[in-house]
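Protein chains get the first letters and strands the later ones, always in sequence-line order, with residue 1 at the start of each.
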Amino acid sequence: MLSALSSLQPRQLAAQVLNFALVLSTAFMLWKGLSVVTDSPSPIVVVLSGSMEPAFQRGDLLFLWNRGLDTQIGEIVVYNVRGKDIPIVHRVVRRFGGGDTQLRLLTKGDNNAADDTELYARGQSYLNRSKDVIGSVVGYIPFVGYVTILLSEYPWLKTVMLGLMGLTVVLQRE
Amino acid sequence: MLGRRHCQLFSVNTFDNNIIAPLGVSWSLDPVSELEQRRAVMTSSPKVAVYSLSDLKNTTDDALPNYLTSLKVAQNHNHTDVRLLLGYLAVVVSGVTFYFDYTLGFDKTKYWTAWAVAAYFVLNGLFTWWIWRVEKGIVFQGSVKGQKLLLYSRTEKHIPIYHLTARYTSPSAPSLWQEVQLQAPFTRWFTADGFFVAKPFQQWLASEIPPIGQADPGNVVEEIGRGDGSARAMNVQPGRVEEVLDALKDASGRMAGSQGARSRRKA
């Protein structure tokens with residue numbers, strides 16, 4: 001296999017590498033395009049914990065929309081805790097402000113006993129809709145996100161998958 | 001005399017059983033030198049999976065510019081260069097977007113990311129259009145002795161026939177394009193084992209495409225028997241079929257005779 005690769009001339013080798021680069025960059029650009037359309041930095045997230053059962057199970061894939069800025073009580077939002085990079089999926093239980101003043105939200109997981117005040121950063125009692133929330137859930141697919149959970153728990157899987165994909169694309173000439 | 005008969009029988013028999021006939025048999029009438037030639041072929045080129053159409057086509061497509069550049073035909077890489085340029089430009093756009101998004105975060109780069117995504121898909125569209133409409137299967141572009149030459153190849157799904165379209169100009173009329181459409185089964189230059197044999201391929205190209213024939217007159221072969229005479233066409237000659245059929249008739253006649261004697265004895 002590799003001997004077939006070494007017998008290629010420079011232009012042909014460049015063309016094969018280009019195929020792989022285009023696969024990666026198209027995937028990335030599609031993701032960024034979706035990001036821009038939904039106005040959310042991460043338009044598709046995976047549920048990592050069981051705090052929203054029975055509505056969402058661990059491993060569900062959620063689709064977010066961030067252009068509905070007047071979030072109502074009962075909507076499910078995804079937010080980042082200030083200072084940490086972990087997105088949390090919970091339901092809005094209280095809202096303050098809105099209209100001319102900043103909209104602030106209090107959230108609580110369906111399967112949790114207490115609201116999220118403990119989870120927020122020190123000194124933070126409410127979420128700021130425009131700064132902390134990255135979107136509200138508009139749809140979901142169950143189970144599909146388990147692959148992402150596996151990839152984050154075993155990070156070497158990512159390298160292996162990427163390596164295999166790269167090898168097959170560069171070496172085949174279908 | 002016996003060796004000659006043996007060669008011809010072998011070639012017709014396997015032609016019946018299999019689409020792919022061993023090419024080495026019809027090369028020469030002398031069985032010894034035939035073995036030497038086959039040994040030479042096997043060491044020179046890598047083995048190809050004979051039932052994989054894409055392998056056959058890719059090997060042939062790779063051999064074509066090699067042969068032409070060995071004839072000192074100047075190769076023009078324009079089409080490949082444009083394709084690589086469009087493709088890598090798109091990749092660079094996506095790379096830059098990734099870098100800025102990673103370092104500055106989504107909110108700050110939102111506006112520029114939107115434009116980058118649009119630019120990327122426009123470039124990707126141009127790239128796809130270039131491959132699909134303009135390149136259209138081009139495998140070689142160049143010029144020889146003032147004649148421009150373009151070669152396009154294609155195959156149809158699951159049919160092992162190589163279609164080659166050649167467009168060329170003559171030095172006296174540089175803006176007049178002539179077109180020749182050729183097809184040949186891959187069996188013409190691949191052995192049953194999957195080895196690529198350069199000679200029949202080169203002869204086919206030189207005989208059918210005039211500018212190549214002019215650059216390589218030694219390989220021009222005509223089926224009728226006229227022409228250079230120094231090289232022989234490398235495939236089964238239809239003219240020798242009669243002798244082979246006679247030989248088969250004799251052999252089966254002998255067999256039928258002995259069976260008839262046996263049955264008479266039984267009765």
Checklist entry - Looking at A:Arg11 and B:Asp81, what are the two nearest heavy atoms and their distance? => result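 That closest heavy-atom pairing would be NE-OD1, 2.8 Å.
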
Item to check | Nearest non-hydrogen partners of A:Leu18 and B:Gly87, listed with the distance | outcome: CD1-C, 3.4 Å

Residue part contacting chain A, namely of [X], when any heavy atom lies under 4.5 Å:
{"X": "B:Ala118", "result": "neither"}
{"X": "B:Tyr111", "result": "neither"}
{"X": "B:Asn66", "result": "side chain"}

Checklist entry - Do A:Phe20 and B:Val91 have side-chain heavy atoms sitting under 4.5 Å apart? => result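 Counting from C-beta outward, A:Phe20 and B:Val91 never come under 4.5 Å.
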
Item to check | Side-chain heavy-atom pair B:Phe121, A:Leu30 within 4.5 angstrom cut-off | outcome: yes

[X], [atom1]: over 12 other non-hydrogen atoms inside 6.0 angstrom:
{"X": "B:Arg133", "atom1": "CZ", "answer": "no"}
{"X": "A:Met161", "atom1": "CE", "answer": "no"}
{"X": "A:Glu118", "atom1": "CD", "answer": "no"}
{"X": "B:Tyr99", "atom1": "OH", "answer": "no"}
{"X": "B:Trp115", "atom1": "CH2", "answer": "no"}

Item to check | side chain to side chain contact (heavy atoms under 4.5 Å, CB included) assessment of B:Tyr88 paired with A:Val17 | outcome: CA-CA 10 Å; B:Tyr88 276 110; A:Val17 169; 3.8 Å; yes

Can you tell me how far [atom2] of [Y] sits from [atom1] of [X], rounded to the nearest 0.5 angstrom?
{"X": "A:Asp39", "Y": "B:Lys110", "atom1": "CG", "atom2": "NZ", "value": "3.5 Å"}
{"X": "A:Gln12", "Y": "B:Thr80", "atom1": "CD", "atom2": "OG1", "value": "8.5 Å"}
{"X": "B:Asp101", "Y": "A:Trp31", "atom1": "CG", "atom2": "CH2", "value": "10.5 Å"}

Checklist entry - Checking side chain to side chain contact (heavy atoms under 4.5 Å, CB included) for the pair B:Phe106/A:Ile134: CA distance, chi angles, key distance, verdict? => result CA-CA 11 Å; B:Phe106 177 70; A:Ile134 60 172; over 6 Å; no

Checklist entry - Which atoms of A:Ser40 come close to chain B, meaning under 4.5 Å heavy atom to heavy atom: side chain ones, backbone ones, both, or neither? => result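 Looking at A:Ser40, just its backbone touches chain B.
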
Item to check | Backbone of A:Met29 reached by a side-chain donor or acceptor of B:Tyr120 within 3.5 Å | outcome: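 No, because the side chain of B:Tyr120 does not come within donor-acceptor range (under 3.5 Å) of the backbone of A:Met29.
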
